[in-house]
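Read the numbers this way: they start at 1 and go in the same order the structure lists the ligands and their atoms.
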Amino acid sequence: MNLAQQWVDARPKVAGLHLDSGACSRQSLAVIDAVAAHARHEAEVGGYVAAEAAAPVLEAGRGAIAALTGLAASDVVYTSGSNHSLDLLLGSWQGERTLACVPGEFGPNLAVMAANGFQVRALPVDGNGRVVVDEAARMLATDPPALVHFTALASHRGVAQPLAAMVAVCREAGVPIVVDAAQAFGHLDCNVGADAIYSSSRKWLAGPRGVGFLAVRPELVARLQRRLPPAVWDVPVTVLQSFEHGEHNAATRIGYSVALGEHLAAGPELVRDTLAEVGRAAREVLAGIPGWRVVEPVDEPTAITTLEPTDGADPTAVRAWLIAERRIVTTACELARAPFEMTKPVLRISPHVDTTDEDLEQFAGVLRDAS
Ligand SMILES: *Cc1c(COP(=O)(O)O)cnc(C)c1O
């Protein structure tokens with residue numbers, strides 16, 4: 001059976017067209033059932049007893065994350081999502097608080113960096129916002145920041161960054177690289193052995209909302225200092241343990257582990273190739289719709305396509321209209337999403353592997369009629 005059919009069969013029937021996996025993918029019935037079953041188990045035996053019983057499932061999830069990132073299962077902690085992961089990491093950084101990132105850095109990430117007192121400088125990029133690797137190498141050699149923060153795939157633009165090359169350049173320069181894989185995980189190859197990497201469950205992995213992970217290599221953990229409880233307290237809590245300490249919905253971590261297992265079973269490479277094909281098909285179908293410009297190069301290997309209005313259309317209003325009148329779910333990206341790169345808001349579609357050419361043509365037709 002092909003991947004698209006497998007994906008459809010595993011899920012509740014969709015109401016309309018779901019072109020919004022970059023915001024939140026559709027969970028499978030198995031994931032939904034695992035979350036519900038854990039809540040039921042909590043009611044039967046007690047929340048903390050149920051959590052202990054589920055430990056092997058969480059360990060399997062860590063193992064899947066390890067396989068997909070090139071780090072070890074013991075380097076992985078569950079968090080409540082990508083921004084939480086970044087805040088945990090930066091909040092425990094001991095050294096000088098400087099970092100370099102792409103000019104198209106995600107707005108909420110910039111807020112987390114600022115809140116943690118980090119001075120931010122820009123990595124050199126080309127006209128698409130893609131890092132120019134050899135220029136970045138020169139910058140890291142002459143004036144290195146304490147960290148590179150690298151968003152491997154942005155939320156506002158489906159341009160794949162040269163992740164493996166950047167990891168190599170940072171290693172060469174001796175600068176730790178922290179990878180935001182919120183959009184890249186389960187979408188681009190993230191098995192690159194970054195120093196730290198994090199993502200969210202609900203996006204391309206199609207797990208539950210409110211969960212994510214952070215993985216940090218031991219060499220980088222050694223450069224962090226526990227915040228809670230305070231490092232000077234003589235208690236046997238490691239930095240990574242402290243990251244996982246807060247209250248959380250255990251059922252979502254179990255659901256995420258199931259989604260990770262489904263992803264490995266589907267074949268990460270097949271998923272990536274299929275997403276790249278869907279993205280190319282979308283850009284071909286959407287090229288030339290009056291009033292809109294496709295931002296990405298047609299063969300960008302991602303399933304994120306953004307449309308910039310050329311005739312004054314308002315993506316927020318168009319998104320709302322598409323949901324209310326056509327049951328088509330997309331995202332409107334305002335400038336705050338990438339304040340140092342975006343000059344116009346965009347309408348984003350982020351279809352998953354089940355999206356057909358007919359779906360894309362239907363969407364293009366609706367957008368053409370609406371414009
Ligand atoms: C969604 C997103 C985030 C934040 O993820 P949360 O789980 O909402 O914290 C960070 N970076 C990028 C590129 C994103 O797309």
May I ask you to list the atoms of ligand 1 that are less than 4.0 angstrom from any heavy atom of Gln183?
15 (O)
Determine whether Val329 and Leu347 fall in the same hydrophobic cluster, where Ile, Leu, Val, Met, Phe, Trp and Tyr are linked whenever their side-chain heavy atoms lie under 4.5 Å apart.
no
What is the closest protein heavy atom to atom 2 (C) of ligand 1, and at what distance does it sit?
Lys203 NZ, 2.3 Å
Between ligand 1 and Leu153, can you find any atom pair, the residue atom being a heavy atom, that is separated by under 4.0 Å?
yes
Side chains of Glu262 and Ser28: donor-acceptor distance under 3.5 Å anywhere?
yes
Under 3.5 Å: N/O of Ser200 near N/O of ligand 1:
yes
Of the protein's non-hydrogen atoms, which lies at the shortest distance from atom 11 (N) of ligand 1, and what is that distance?
Asp180 OD2, 2.6 Å
Verify whether one side chain among Thr302 and Glu296 offers a donor that lies under 3.5 Å from an acceptor in the other.
no
Residues Asp75, Arg62: salt bridge by 4.0 Å N-O rule
no
Could you tell me whether Ser82 and ligand 1 have an N or O pair separated by under 3.5 Å?
yes
Between Asp354 and Arg11, does any NZ, NE, NH1 or NH2 come within less than 4.0 Å of an OD or OE carboxylate oxygen?
no
Taking distance alone, with no angle check, do Thr151 and ligand 1 share an N/O pair under 3.5 Å?
no
Answer yes when Glu44 and Arg40 have at least one side-chain N-carboxylate O distance shorter than 4.0 Å, and no when they do not.
no
So which protein heavy atom does atom 8 (O) of ligand 1 come closest to, and at what separation?
Arg202 NH2, 2.9 Å
Among non-hydrogen protein atoms, atom 9 (O) of ligand 1 lies closest to Asn83 N, 2.8 Å
Between His156 and Arg348, does any side-chain donor sit less than 3.5 Å from a side-chain acceptor?
no
